[in-house]
Structure formats: structure tokens, C-alpha cells
Amino acid sequence: MIDKIKSEWKDCVSKALEKYIGSDDFPEPGMGVPPKPEMGDIAFPMFAYAKIKGMNPVKIANEVCELISSSVHPAGTLSTAGAYLNVKIDSSSLFSELANTIIGQGDSYGKNSSLEGKKVMLEFSCPNTNKPLHLGHMRNDSLGESVAAILKANGADVMKVNLINNRGVHICKSMLAYKEFANGETPESTGEKGDHFVGRYYVRFANWSKEVEARIKELEDKGCKEEAEKLKADSPDAKAQRMLKAWEDGDDEVLALWRMMNKWTLDGLEQSYKDMGISFDRYYYESDTYKFGKSEVLKGLEQGVFFREKDGSVQIDLADIGLDKKVLLRKDGTTIYITQDLGTAIRRHEDWPFDSMIYVVASEQAYHFKVLFHILKKLGYGWAEGLHHLSYGMVNLPEGKMKSREGTVVDADDLLAELSSLAKEEIISKGREALVGDVEECSRKIALAALNYYLLQVSPSRDMIFDPKKSISFSGNTGPYLEYMGARISSILKKACEEGLSITSDVDGRLLSNEDEEHLILLLSSYPALVKQAAEGYDPSVITSFLYDVAKTFSHYYHDNQILKADTPDLVSARLCLCRVVLQVLKNGFALVGIPFLESM
RNA sequence: GAGACCAUAGCUCAGCUGGAUAGAGCAUCAGUUUGCGGAACUGAGGGUCGGAGGUUCGAAUCCUCUUGGUCUCGCCA
């Protein structure tokens, strides 16, 4: 609706300029937004025409303004400010139509069909089965889940997939430590969450390995070369390598242990996903795809896309994209990371022929994806053109980077629990337990809002600093602030119902004529275009900043204007209707960025 | 050495398809409740947009160079 008005005005200005300049050979008028709302809603700078006419741009603005004003033009008021031609849209006259649209479409307001019929596969999270999720995964998961929601809102058919990294020598490490030290304990027997249980053994392995390394060095220093060699041959790392071999050879005992521990971790991860409101449509496991990747590489070798090095390894020469050679199969024929990813990509396209596939993966893997996409194209897969790496920066702590060795990794479950308990304290200190009903559930939803909003409001490409203690405050520009606005509006609407007022869209929109009201109307009507924009850039921050803008404006409005006790019944109705549509749009936006809506908090 | 990404207020971040006086939040200081939720609202101080050139009527935004940071360039994943 607002787009239509804008383009009408653009045409109008364009036509006026044509008349004024006396030819149609001039640049299209640029459109912007004036710095202050009272100056208008659309701005047309006239600088570009100064040169053509050889005239002062301020004069041009004034004369074009007169030209338009004196003839038929779209609804709105023209004014000039320096070299700018500003249009003030009569937004209150838009309100009736806007309110009808929003109320009529409800949860669908903002959705569009620009990606109708497009199949988009979205890969994110991709944990390994050695350890629980940490803060880095949370950024990944927030982004993945949000981009999926945004693409869906644009009509795309989205398939969310997770690739579980459940094979390799690192997996052997936790298994080995378990075998060595567990004495048969299980997550059930210790009451631990499965992923944390397995993670503990992974850490145990690292310490064990370090101890043995130290002992080897000690022996070497003492000159006991033989004993040192003996210990080295039987070191934890050597054992892990042997276990990997046994595993790939199909050793029953190793496989049984792997299945058991793998399940423990996956059950734990599943619980975390559930807590974080994350879900997947399909899981892929590296254990299933690596062999397929190998056969694809061998096929490519036959086609001459790859070559076999003298030592027997299979490689590709990437000179055509300015890169070096890259190994695809080791000389012993075993696969590496990229081999598996090749197999996984091809298998996925067979399973579900997507138009595009987005990998949500940290920016440190940019090289990997560049090579991967290139190889798939070389193999002749046309769909490889639709592959995209949505790269995001690291999450660092105020003290610096997270390091598992130094124990500074922020655990996802712990963080969520900490945030929930902060929220709970807040609820209790305000004495709102009775109001919110299920305190635990409400706290969790506040924690999720805080987390998702914080993670999504930063541009994906940037590294970010996350201070678990300070960065997530519940006041200011935060997820809980947005939830709070939702709760307050809900509360007003509830009160209105209790007072027997009906909330309809059949109101006189012209009564909504103060600055905040006009601003809100324009904001709400711009929402559908932003949903589209967010999808084009795979960028949830478009939505988060919009939501903040709406909440902030409403907050100000609400503070300065009475709603239920407005001067006349008609004004009460109009304002209630405004509340209702603001709430609806907030809710719709929340759904795109992982902010749970709360009626009370 | 090569490439990618980043640099904006004390801190955390917006703004970047070129437009008017560069914006939020936190922190600091000062205010606002006889009103529907104070997790709120208002105001103040705080900036040579890393630096230097260039393009342009106009540059935080585009180009070049430069400085600093992070990451990558594994037969690890």
C-alpha cells in the first residue's frame, strides 16, 4: 500500500521534471526519507538536475514543487527544504485500509509469494557427537531458524537439515576414554544429560593424552628411549587411530560402543534443540554419506575432472580459480571432510531437488565452501549455481576467544538456564507469578527472546562479543523489551474487553493524527517490504531493527497518550484498533526472529 | 607470502544499492507515576565514522593505497 503511494509520487515527480526540464533525458528522481518525521515521509533531492538546468537546486525544488502543487497529484502534502522536495503522506487516511488488511490477514500479514514454488534447503547447526552445544552453535542455530522462517514467509518451500558429524578420529577419543575410565557408568546411572556425559569423556581423553605425552617427554629426557617409544606406540592418540581403523573395518565391539554413545549425545542435543525452539525436517549423518562421497570422487576421476597423484591420492587442480591443488581422497583411499560434503550435497539434491541450498556455517570455512561449490560445478551439476554459504563471524567473550582447553567455552544449556533464572528472579521480584501462570515456562521464553534477539541483531558477517553476564540485560534494546511491549498491549486489549469495548477495524482513522500515530501507521505498512528485504539478504537484522523501531515508537506514544481514557469514544476505538494492529505486526515479526510472544510477563 | 572478513561514542552495536545536523542501547548525570504494566518514558554530556588520497554538487557508505585486528590457505572437521 505504502509502496504504491511512493511509486505514484515518484511518477508524479518524474513527470513534473520532464515538463520542467523540457526533455526526458534526465536521471530518475532518487527517493529517500527526510531526517525528521515532521519534514515529511518521502524526500526527492534535486541536486542532480542543477547541472542539467545550470540552476540552483533550491530554486528547482521550489519551482517543481509549485508545478506539481498547481496540478493534479497523488494524496499528500508537498513542501521544500533546501534542495529537497518533501512529501508528507496523509497516513491517517491510510489507516482504515491498513487495519482491515492487517486484521484480515492476521498472522499472514507481511507474508508474500516472491519465492513461491522455490525449494530451498537450509543446513545449519551441524554439531559433532562429542560434546554439547556451545554459544557458537547458538548463533548458528538462531540464524538458521530465523532465515528459515523468513524464507517461508516469502513463500519458499524450506527444508531445514542438520548434518551430524558422527565419525572420525575425534569421535574415537571420547569412546576410548569411556572404555578406559567409565566402569560402566551411563547417563542414566549418573543422571547426566547425554551430551554432557559424552563431552566429559572427550575432555577426559584430552587430559589423559596430555598426561601420557608428559610422561613420554620425561622418559625421553631421562634417556629411556626404548620405554618412551613403547609408551608412544600405546599412547591414547595411537589407540584412537587404531580404533578408527577397527571401526571402519566394521569391528562389532567398536560399532556397538559407537551406537550407544552416539545415541546418548543425540538424545542430549535433541533436548537442547527443544529447549531452544529449534527443529529440523531431516537429519543427515556423515557416517551415511562419506562412502557415497568417495564413489562420486572416483566417478569424477574417470571423467577427468580430477587426477591421481603419483602417491595414489586423488586431487583437483584449482588453478582456474586462483587456488592450489586440493586433495579429495587420501593415498590410502580414505575420505576427508570435503569428500563427505560432496557426497552429502549430491545425495541431498537427489533426495529433494532444491533450487537453492544455503549452508549456515562460520566464516572460517569460506575457503572450504568456495572449493566445494567449484568442484560441484566442475562435476557438471547445474544446481550447484544455487549453493550459498551464509557465513557468520565468531562469538567472542569479553576476555577474548572461547577456548575449550582453557574451559572458557560457554555451554548452551548452562547459558539458557542462567538467563532463565535471571528472568525468573525478575518475575518474582515484581510479584508477577500469579499473572504469568507457569513461571518456568515464562522465564524460558524471556531467556529465548533475550538470546535470539541479541544474536540476530548483529550483522551476520561480523564477529561479535557476547558477555553472558552483562550483555543480556532485560532493559533497553533487547528481546525482553519487545516482549514487554507485546505484553503491555495485550494487557490494554484485555482490559478493553473487560470493559465491554469491542475492537474493530471500523474506526475513523483520521482521528489518529498525532506524530507517533502517523509514524506507527507508516511503519506497519512498510513491514511487508521488509520481510522481502530480509529474505533477499538472508538477514534477520532487518526484522529485529524494525521491531525495535515499532516498540520504541509505541512506547513513546503509549507514555504520552491515553488509550482507554482518550477524550471521545471514537478516539478510544481508533486507538484500540491501532493497538491491535501494532500487536499483530509485532507478533508476526517475533515469529521470524525467534522471540516468543507472551501475553503477560 | 596469498586471499577473505572486520575497524563508527567509554562499552556493545545500527546506519553502507552515495543525500539534509552520523543513530540506538548500556554505563554516567539530571528528570518523569492522582494514567491503561516503571522490564517504561524524557533530557544532558560523550564522535576528526582507523589513516591518506580519489570520484562526486554531495562520501561513514563507492574506488585506490595504507595501518591494525580476526580467520583461512591440512591427506583435521
Side-chain angles (χ1 to χ4, degrees), chain A residues 30 32-36 39 43-51 57 81-84 86 126 128 165 167-171 286 309 311-315 322-324 326-332 334-341 362-368 370-371 391-394 396 398 401 423 426-427 429-430 432 435 446 454 457-459 461-467 470-471 473-478 480-485 487-496 499 541 544-545 548-549 551-552 555-566 572 575-576 579 600-601:
Chain A
V33 180
K36 286 187 178 174
M39 299 169 83
F44 296 96
M46 292 293 126
F47 299 101
Y49 312 107
K51 214 174 198 177
Y84 291 88
N86 292 333
C126 304
N128 76 49
N165 171 0
R167 64 172 297 276
V169 71
H170 55 295
I171 305 294
E286 285 192 348
E309 188 59 85
D311 66 3
S313 62
V314 177
Q315 308 195 3
L323 298 173
D324 211 349
K326 173 83 186 169
V327 173
L328 303 176
L329 278 180
R330 296 189 185 98
K331 57 188 170 230
D332 65 1
T334 54
T335 62
I336 58 171
Y337 178 40
I338 197 156
T339 326
Q340 296 162 21
D341 254 5
S363 58
E364 56 195 15
Q365 292 195 37
Y367 170 84
H368 170 77
K370 192 175 173 187
V371 174
S391 139
Y392 62 89
M394 301 185 120
N396 296 321
K401 296 172 64 169
E426 192 76 23
I427 293 170
S429 76
K430 308 254 184 250
R432 291 205 180 117
L435 198 68
I446 294 171
Y454 192 83
Q457 153 231 36
V458 179
S459 305
S461 64
R462 280 180 62 137
D463 286 353
M464 65 185 287
I465 294 179
F466 187 95
D467 185 337
K470 283 199 312 197
S471 293
S473 98
F474 289 156
S475 59
N477 184 0
T478 66
Y481 170 74
L482 297 180
E483 278 183 323
Y484 178 63
M485 282 324 301
R488 286 174 96 177
I489 298 173
S490 302
S491 176
I492 298 168
L493 295 177
K494 196 174 144 209
K495 195 148 268 181
E499 290 177 15
S541 72
T544 54
S545 39
Y548 181 66
D549 215 350
K552 179 93 182 149
S555 227
H556 182 257
Y557 169 61
Y558 172 83
H559 186 267
D560 290 354
N561 298 278
Q562 293 199 56
I563 291 164
L564 292 174
K565 291 177 190 158
V572 172
R575 287 185 171 171
L576 276 173
C579 286
S600 55
M601 60 187 280

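The chains referred to below are lettered A, B, ... by the order of the sequence lines, with proteins before strands, and numbering in each begins at 1.
- In this entry the distance linking CZ of Phe466(A) with C1' of C13(B) reads 14 Å, nearest Å.
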Report task. Sugar-phosphate atoms are those with a prime plus P, OP1 and OP2; base atoms are the rest. Using that split, label each nucleotide of nucleotides 40-48 of chain B B, S or - for protein heavy atoms under 4.0 Å, 5' to 3'. Result -> SSS------
Below 3.5 Å between N/O atoms, which protein atoms pair up with nucleotides 63-65 of chain B? Just atom names and distances, please.
none

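- OP1 or OP2 of C76(B) lies within a sub-4.0 Å distance of a side-chain N or O belonging to Arg330(A).
- RNA chain B contains the following stems of three or more consecutive Watson-Crick or G-U pairs, with both distances under 3.5 Å: B:1-7 with B:67-73, B:10-13 with B:23-26, B:28-32 with B:40-44, B:50-54 with B:62-66.
- The residue Lys495(A) sits close only to the backbone: its heavy atoms come under 4.0 Å of sugar-phosphate atoms, none of a base.
- Every residue two or more places apart in sequence or in another chain that forms a ring-ring contact (aromatic ring centres under 6.0 Å, His included) with Tyr337(A) is listed here: His368(A).
- Summarising the geometry, the separation between CG on Leu323(A) and C1' on G3(B) is reported as 8 Å, rounded to the nearest angstrom.
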Protein-nucleotides 16-23 of chain B N/O pairs under 3.5 Å:
unit_1, atom_1, unit_2, atom_2, d
G19(B), O2', Tyr84(A), OH, 2.2
A20(B), N6, Asn86(A), OD1, 3.1
A20(B), N1, Asn86(A), ND2, 3.3

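- Across the protein-nucleic acid pair, Ile336(A) atom CD1 and G74(B) atom P stand 10 Å apart, rounded to whole Å.
- Whole-Å rounding puts the Lys326(A) NZ to G74(B) C1' distance at 7 Å.
- Here A77(B) presents its P atom at 9 Å from OH of Tyr337(A), a figure rounded to the nearest Å.
- Among the atoms of the strands shown, base atoms are found under 4.0 Å from some heavy atom of Ile563(A).
- Atom CD in Glu286(A) sits 4.5 Å away from atom CD in Gln340(A) (nearest 0.5 Å).
- Gly30(A) and Pro45(A) get closest at one heavy-atom pair: O-CD, 3.2 Å.
- Residue Ala487(A) is classed as a base contact, given a heavy-atom separation below 4.0 Å to a base.
- Rounded to whole Å, atom P of U56(B) lies 22 Å from atom CE of Met46(A).
- If you take atom P in A22(B) and the same atom in G46(B), they sit 13 Å apart, rounded to whole Å.
- Ile427(A) comes within 4.0 angstrom of a nucleotide base, judged by non-hydrogen atoms across all strands.
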Between protein and nucleic acid, restricted to nucleotides 68-72 of chain B and to nitrogen or oxygen atoms under 3.5 Å apart, what atom pairs and distances do you find?
unit_1, atom_1, unit_2, atom_2, d
C71(B), OP1, Lys401(A), NZ, 2.0

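- Using a 4.0 Å heavy-atom criterion, one finds that Ser545(A) contacts no nucleic acid atom at all.
- Between the NZ atom of Lys430(A) and the P atom of A39(B) there is a distance of 4 Å, rounded to whole Å.
- Following rounding to the nearest Å, Asp324(A) (CG) and A2(B) (P) show an atom-to-atom distance of 15 Å.
- The structure places CG of Leu435(A) at 13.0 Å from NZ of Lys430(A), a figure rounded to the nearest 0.5 Å.
- Among the protein residues, Asn561(A) comes within range of the nucleic acid bases, having at least one heavy atom under 4.0 Å from a base atom.
- Here the OG1 atom belonging to Thr335(A) is positioned 6.5 Å from the CZ atom belonging to Arg330(A), to the nearest 0.5 angstrom.
- Proximity note for Ile465(A) (side chain, C-beta onward) versus C13(B), A77(B), C36(B): the nearest is C13(B).
- Between Phe474(A) and Tyr484(A), the gap from one ring centroid to the other reaches at least 6.0 Å.
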